[in-house]
Amino acid sequence: MPCPSRSDELVFFVNGKKVIERNADPEVTLLTFLRKNLRLTGTKYACGRGGCGACTVMVSKRDPVSQKIRHFSVTACLVPICSLYGAAVTTVEGVGSIKTRLHPVQERLAKSHGTQCGFCTPGMVMSMYALLRNHPQPSEEQLLAALGGNLCRCTGYRPILESGKTFCSESNGCQQKGTGKCCLDQGENDSASLDRKSDICTELFANEEFQPLDPTQELIFPPELLRMAENPEKRTLTFRGERVTWISPGTLKDLLELKVKYRDAPLIMGNTSLGPAMKSQGRFHPILLSPARISELSVVSKTSDGLTIGAGCSLSQVNDILAESISELPEEKTQTYRALLKHLKSLAGQQIRNMASLGGHIISRHCYSDLNPILTVGNTTLNLISEKGTRQIPLGEHFLAGLASADLKPGEILESVYIPHSRKWEFVSAFRQAECQQNALADVNAGMRVLFRDGTDTVEDLSIAYGGVGAATVSAQKSCQQLLGRRWDELLLDEACRLLLDEVSLPGWAPGGRVEFRRTLVVSFFFKFYLEVLQELKKGVEQFPVPGTCRSPEISDGFLNALEDFPVTIPQGVQRYQSVDSHQPLQDPVGRPIMHLSGLKHATGEAIFCDDIPMVDKELCMALVTSTRAHAKIISIDLSEALELPGVVDVIRAEDIPGTNGAEGDKLLAVDEVLCVGQIICAVVAETDVQAKRASEKIKITYEELEPVIVTIEDAIKHNSFLCPEKKLEQGNMEEAFENVDQIVEGEVHVGGQEHFYMETQRVLVIPKTEDKELDIYVSTQDPAHVQKTVSSTLNIPINRITCHVKRVGGGFGGKVGRPAVFGAIAAVGAIKTGHPIRLVLDREDDMLITGGRHPLFGKYKVGFMNSGRIKALDIECFINGGCMLDDSEQVTEFLILKLENAYKIRNLRLRGRACLTHLPSNTAFRGFGFPQGTLVTESCITAVAAKCGLLPEEVREKNMYKTVDKTIYKQAFSPETLIRCWNECQDTSSFPSRRIQVEEFNKKNYWKKRGIAMIPMKFSVGFAASSYHQAAALVHIYTDGSVLVTHGGNELGQGIHTKMLQVASRELRIPMSYLHICETSTATVPNTIATAASIGSDVNGRAVQNACQILLKRLEPVIKKNPEGTWEDWIEAAFEQRISLSATGYFRGYKAFMDWEKGEGDPFPYYVYGAACSEVEIDCLTGAHKKIRTDIVMDACCSLNPAIDIGQIEGSFIQGMGLYTTEELKYSPEGVLYSRGPDAYKIPTITDVPQEFNVSLLPSSQTPLTIYSSKGLGESGMFLGSSVFFAITDAVAAARRERDLAEDFIVKSPATPEWVRMACADRFTEMIPRDDPTTFKPWSIPVA
């Protein structure tokens, strides 16, 4: 059929307004269209691959089959605008606004303190909003499912869930529901002394203040679209872009004709497979066929022997269809459907399930597909259709392998999928193991089906298929064939494992790595299936006894719980804090749980981030070109092809820099030599970001490889490759101490690195002014003064011509201290050279590749101790992987050594640290700054001592803790009284002693599941080890109407610093917070600022704000004395009339801090934050999965400025720390290429990773005279407490190893991924797998720690 050359009009609605796009480009996503064309910037760009949920919006369409309106959440970054013909889109701006009316979802999320940096908040709002449009009173399970595809790096998820639970039907907020008791009841065992004090609060917000949800007030589906849907356009619609044409036929006949004409054109439904491939692999298709308007592809039909589902049905619809069939049919007929439903619950996030189609999922044939193994064993048939007619093919191994004889022929499409009912005596199961429970691609998955001769345990038919162990789903046909006619017993199990390992082979170099783990899962899954089927057979024989049948083997009780998957439950918990003094004036906000200043704006999408600033006149975009080699000489750079592309303006190289090109060994742009993959070589400037990105891919760089390429710490030690001299602290007489101990143990600890994964990637907007070489720089940074200085030296212009503006930052965690200066300087060179404003926004992949993260660490310890558990001597040597440039590695090494002793007084102690120079991107500051890695070595050492002494690790910890006023190894005096109080409170609130006994009882009764519990103390030093870094300034203006503008040197990163500063100003000026405002942080108002880092931002800036307010109040004193009954406005007016200055600069000289490394002594830290955490987990020894059962944290916050914000910081840092120690694994190739460059490959904790019970208590009645209002900085300290989960996991692993008579002293590796846990719980299945000689192949990835 002829294809018209012109483009049709694309008609859809956004927030109730009609959009007519006459030149729709198929390559433009809904996210780009919303942000660039409609200027709706509430929808955020964070990953571009549908993996984080920041860009979630709601799409509403009329279902052609049911005739009902469907509302569903989608990730806008994957939705091509051409797919939206006839749809209504609702963004966060369409839900509610602070200018008009807030929606209850927005109000509750903000007032429940569910926002910190706020970058993920619009996505959270939209996921919840879409849920409420379908279910105004959702269940807690539905709430968890709705938010499963949304990531948050700040909050720890608990307050987000709390806000959602206020809409739920059954939510009662208590973990012990059903028992008739409440965890808050007085006198309960779990209620410790904290609860019995009348001044302890457990409410951070008041439910009764929330406006009710009224579903009748929502936006209606546009009547025009309803009319369009009732009389659908049958003609083919064509949308022509610059490079791609999108064709959307109106009938099945037209689609089949088009498929003949354009054989290679893919059919595109949800774009969840094609979209990411086009983005990351550069896949390109000039013609795309969209079957979205063809109702025949969404038809569902049920027959007496099976279910036929249209290939166009989304996975969410498939979920509902299967659930309905399961409820209608007898259990024996729904075995396959139940297995599919189990995997659908954890497959990707809700948004992806709403978009992805069943047909697309099958046809994509991904090796990690969760559904294809089950569909294969379930004897699924694919119904194909073409112009020539219909045809059926089995969804089997040959189809999945893409063999031409079993595949679709040219011109054919998949119309529907037939899944037969299961039969009596037939059992189907599904298994998967991924890095985390939800929204993660499976390492290995499987579908297994067995059919028995009626009433016997003799195998009549067997089918097993695996995903994740080859290039496609693998069917173990030969193994199954050999097991037919066999009895379902131990002999079959052993034979099956041997056959499966033989048939399903995985080479040692297999992509994805984890080879031995994946081999083990092949047999572990079969063992689980074996047990499940035994259990079912037992039930079946009891229900339908057949004469003469053989009895199946019995399953021991200890094996039974191997069958149960960990349930996904909504977390519960209590937050305890000390209420303010009853005499404190109501107007004084200090100490109260005040909502984040920007909370409501976060929730409505009206909070402006760096890239939300509207396009400036003549603005250009920049894309970076990075090295593809780890260590090489640059021979040539060919720009010719890039410069010829449309829209390309220039390429910025090192020779274009008018001033200094960074520092020696730390160049902004590489010259002659590259030192890591990801080092910036040059930058393309073009009219649009797409043009700049395309041009960057056309730049040809020729390299000459250089030796050596050092990637790991081991390599660096071998080549004596270090960035700085060794740092060392020592006390006591080590040699003598080691001679006088009962036992000596040596061990190793490996801690992997961590990616910051701030939700807002690095971004900067540089605007050159017309006069005096002035520049305005809008940048997402923790240190605007550093950006200002770096740009100044790069351009060779004075600092006073450059103004850096920071409104707010979408998460930093240390990753935006040093690196933004590099991007700001390169963009500034582009702005000066072209004379145009330059916008640079990093893709998630580039951000992760270029910026570096937490330093991986390798630690060795030697510990001498008495049999009582008392440690007499400890020698620790740590090496960190610093990457290719110094960056912050020397300071990290120093802080690491200073903090290694943690809470323990060890009289003979030697601590040494080195930073290794490797050919990886330079690692940098990260929350905790060396403490989370180093102290893991110390605590692992304690655990090893406990194992040798036959004691609990907690007993050894307590024995060796500081007990009285003492001096640290660097001679700083402190009192451990608060530390001991935190430890004791944590023991009480967590009921540790009784739960320890319960854990041991559980472990005796269960072989394949083990529980572990651990309690960890913490002494965290706050601040920089230099006085000059503790200074701060503020500027406070009072205007004649009485309103006050506060400016200070701290940056809002989500930690609520602006909120706290206004609380301080409100108290000092004795006026309500509504009178006060903070606009932004700017180097023009407060100069020479220090980075907002090291947990002291609120401390020092609070003192500066306090100082400014006190100066102003002193000036106003005579006016107030004269008119004591006057109002604030009266006083200000009078002060102005009397020519009293209403503007003041506040200044804080800072805490004294110094460290003399020559002498090994000093007072490097102003104060310590103390805390303790107890965590309990359960592990599955067969898969390596774990479930976090409960965590209790007690933290010494002294007098919290804002308990809601401080508890949020503790929870957020704890969950981030938990990620470091359990799921966040960076994978590097042997050549130094980072593989894990997005949320699909790098797993930060999701909403289902939060402990089932999560309690946080701020220690009451604690004081410190040093800080503002006796508060403490809590930004980083909670990070290390995440290790309580790690040590609970190792405790469970140790229990499993004891039972299997294995050595307890295993090498400690963090993160404790399912791979590490499974392989540490060695058993007959890990023993039977084939092992490779590591010298015979090159592994896919290598550990760099």
Side-chain angles (χ1 to χ4, degrees), residues 626-627 630-631 662-663 665-667 674-680 709-717 721-724 727 750-758 762 782-783 812-823 842 846-859 878-897 899 913-934 936 1091 1093-1094 1216-1217 1219-1220 1224-1228 1232-1237 1242 1276 1279 1310-1311 1342-1345:
T626 57
S627 163
H631 190 199
D666 192 356
K667 301 288 184 197
V674 290
L675 299 171
C676 68
V677 175
Q679 187 173 353
I680 305 166
V709 174
I710 300 168
V711 177
T712 68
I713 291 175
E714 190 184 344
D715 290 344
I717 295 169
S721 176
F722 298 106
L723 286 160
C724 54
K727 302 293 173 186
H750 301 261
V751 187
Q754 187 178 25
E755 162 61 31
H756 297 95
F757 212 97
Y758 27 68
Q762 301 273 358
Q782 294 171 245
D783 194 352
F813 316 116
K816 291 181 181 171
V817 174
R819 306 313 289 171
V822 173
F823 305 117
L842 259 59
D846 287 342
D847 191 299
M848 290 183 77
L849 180 70
I850 296 166
T851 58
R854 187 182 296 284
H855 293 73
L857 175 141
F858 165 56
C878 290
F879 298 89
I880 60 171
N881 194 326
C884 62
M885 296 168 194
L886 183 59
D887 200 290
D888 284 326
S889 293
E890 188 163 11
Q891 290 97 306
V892 170
T893 310
E894 290 176 357
F895 274 51
L896 176 77
I897 297 306
K899 299 180 182 206
R914 298 287 314 250
C916 299
L917 168 62
T918 61
H919 294 111
L920 291 178
S922 166
N923 285 311
T924 187
F926 200 136
R927 197 179 205 168
F929 212 70
F931 182 73
Q933 305 99 294
L936 199 77
Q1216 198 175 55
L1220 164 69
E1224 298 183 38
E1225 191 173 22
L1226 289 164
K1227 293 279 190 182
Y1228 291 91
V1233 179
L1234 178 65
Y1235 289 131
S1236 34
R1237 302 214 293 264
Y1242 184 78
E1276 299 170 279
M1279 190 95 202
S1310 168
I1342 54 169
V1344 298

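Model, not experiment: these values are computed from the prediction. No hydrogens, no waters, no symmetry mates; every other heavy atom, side chains included, goes into these values.
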Taking every non-hydrogen atom, the tightest pair across [X] and [Y]:
X: L1234; Y: M848; value: CD2-O, 3.3 Å
X: C676; Y: C884; value: SG-SG, 3.8 Å
X: P1311; Y: E1225; value: CG-CB, 4.0 Å
X: A716; Y: L917; value: CB-O, 4.1 Å
X: L1220; Y: P932; value: CD2-CB, 3.8 Å
X: H756; Y: Q1216; value: O-NE2, 4.2 Å

Results of ring-ring contact (aromatic ring centres under 6.0 Å, His included) for F929 - residues two or more places apart only: F895

Test: E755 and R1237 ion pair at under 4.0 Å: no

[X] (side chain) donor-acceptor with [Y] (main chain) under 3.5 angstrom:
X: D783; Y: V817; value: no
X: N881; Y: V1344; value: yes
X: H750; Y: A1345; value: yes

Gap separating the CD1 atom of I713 from the OG1 atom of T918, nearest 0.5 angstrom: 8.0 Å

Around atom CD of E890, are there more than 12 heavy atoms from other residues, nucleotides or ligands closer than 6.0 Å? yes

Verify the distance criterion only: is there a donor paired with an acceptor across the side chains of R854 and Q933 at less than 3.5 Å? yes

